[in-house]
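What follows is one structure encoded as structure tokens, with my remarks underneath.
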Amino acid sequence: MGPKLNTIEILILLLVASNIANAQFFDVTKNGANAQVDISQALLKTWTQACASKTRSEVYIPKGTYKLSQTNLKGPCNAPIVFNLQGMLLAPPVNSNFKGSDSWISFSNINYLTITGGGTFNGQGKTAWGHTCKNTEYCGSLPINVRLDFITNSVVQYVTSLDSKQFHVNVLGCRNVTFQHFKVSAPGNSINTDGIHIGRSTDIKVLNSVIQTGDDCISIGDGSKQIVVNQLTCGPGHGISIGSLGKYQNEQPVQGVPSKVRLSDISFTNIRGTTSSAIAGKLLCSKAYPCQNVKLANINLKYTGSQGSITSTCKNVKPSISGTQIPKPCLTTAA
Ligand SMILES: *[C@@H]1O[C@H](CO)[C@@H](O)[C@H](O)[C@H]1NC(C)=O
């Protein structure tokens, strides 16, 4: 008897099959990618072909482990594009050449991008943590696993960011991007590895996701609005942060995107997990630009640290609060 598939599996297969049937299909291994070589040239070539397609296209990276050096995948593309990562991409170790870039893989200026496939972006952060950043707070020069710059109407789903050297994902100047069934995985002692950092972006959703990392699970920097985080399992990690005055001042200036936009319309609902930081919620807004319409509902973060109790701290923000609240929000006011 052959293997039996349940209804869900058949549905998924049909969905995958119909996606593939509808899309122009570009396989990196047809352009020279294999497990023995750095695939950045093959990937760029494949991306360029797919991006030029006049109809929906798909960049396909099959199962397997592939070395990939610093790579920028740029739009605009002629049609919606799918980055179907089934395998694992392996970043170079920290001491190799990142060409002065603070990202490993960046996607930029793309409308209708889907990143999916069940695969993994492995940043090999173990080669970096506690190395380069010892005694410095901001490891701006270490590469971020995945940068999304000026991406619109897009989805990131069913992929994992593993062991990034710095932030796992940085969202900059984006609009209408949904992360769902997205996973971040790094140990609690990985330094400065925020899960998803969102800056100067509008209409970003993080849904049904798991973020295990050494710093904030989600951090929201200046100029962001309409941010929804729902059903997030966080931990290890340092909880959630909004605004973190000054922490992200290294965010590059962005042409056409005002940096001093008020942070507004931000909701964190159904957040559970653990935190090793005694301050599990940091809502730090500036006096000149207080945060508006911030909502916290059903937050339950169990403290695994050793400093007694945990708290959340607020500044220039009055969040609306409902449901479970552990820690109690805005228990302290930041100086
Ligand atoms: C947001 O992006 C999704 C995914 O591409 C798309 O289906 C949806 O129509 C977009 N929403 C708006 C308001 O453009």
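Note that ligands are numbered from 1 as they come in the structure, with each ligand's atoms numbered from 1 the same way.
Between Phe107 and Phe121, the two ring planes are perpendicular [angle over 60°; tilted spans 30° to 60°].
The atoms of ligand 1 that sit less than 4.0 Å from any heavy atom of Asn176 are 1 (C), 2 (O), 3 (C), 8 (C), 10 (C), 11 (N), 12 (C), 14 (O). Here is the list of ligand 1 atoms found below 4.0 Å of a heavy atom in Tyr112: 5 (O).
In this structure, the side chain of Asp194 does not engage the main chain of Ile196 through any donor-acceptor pair within 3.5 Å. Judged purely by atom type and a 3.5 angstrom limit, Thr120 has no side-chain atom pairing as donor or acceptor with the backbone of Asn122.
Summary of contacts: the protein heavy atom closest to atom 4 (C) of ligand 1 is Asn153 O, 3.6 Å.
Atom 9 (O) of ligand 1 lies below 4.0 Å from none of the non-hydrogen atoms of the protein.
Looking at Thr193, Thr213, Asp215 one by one, the single match for side chain to side chain donor-acceptor pair (under 3.5 Å) with His168 turns out to be Thr213.
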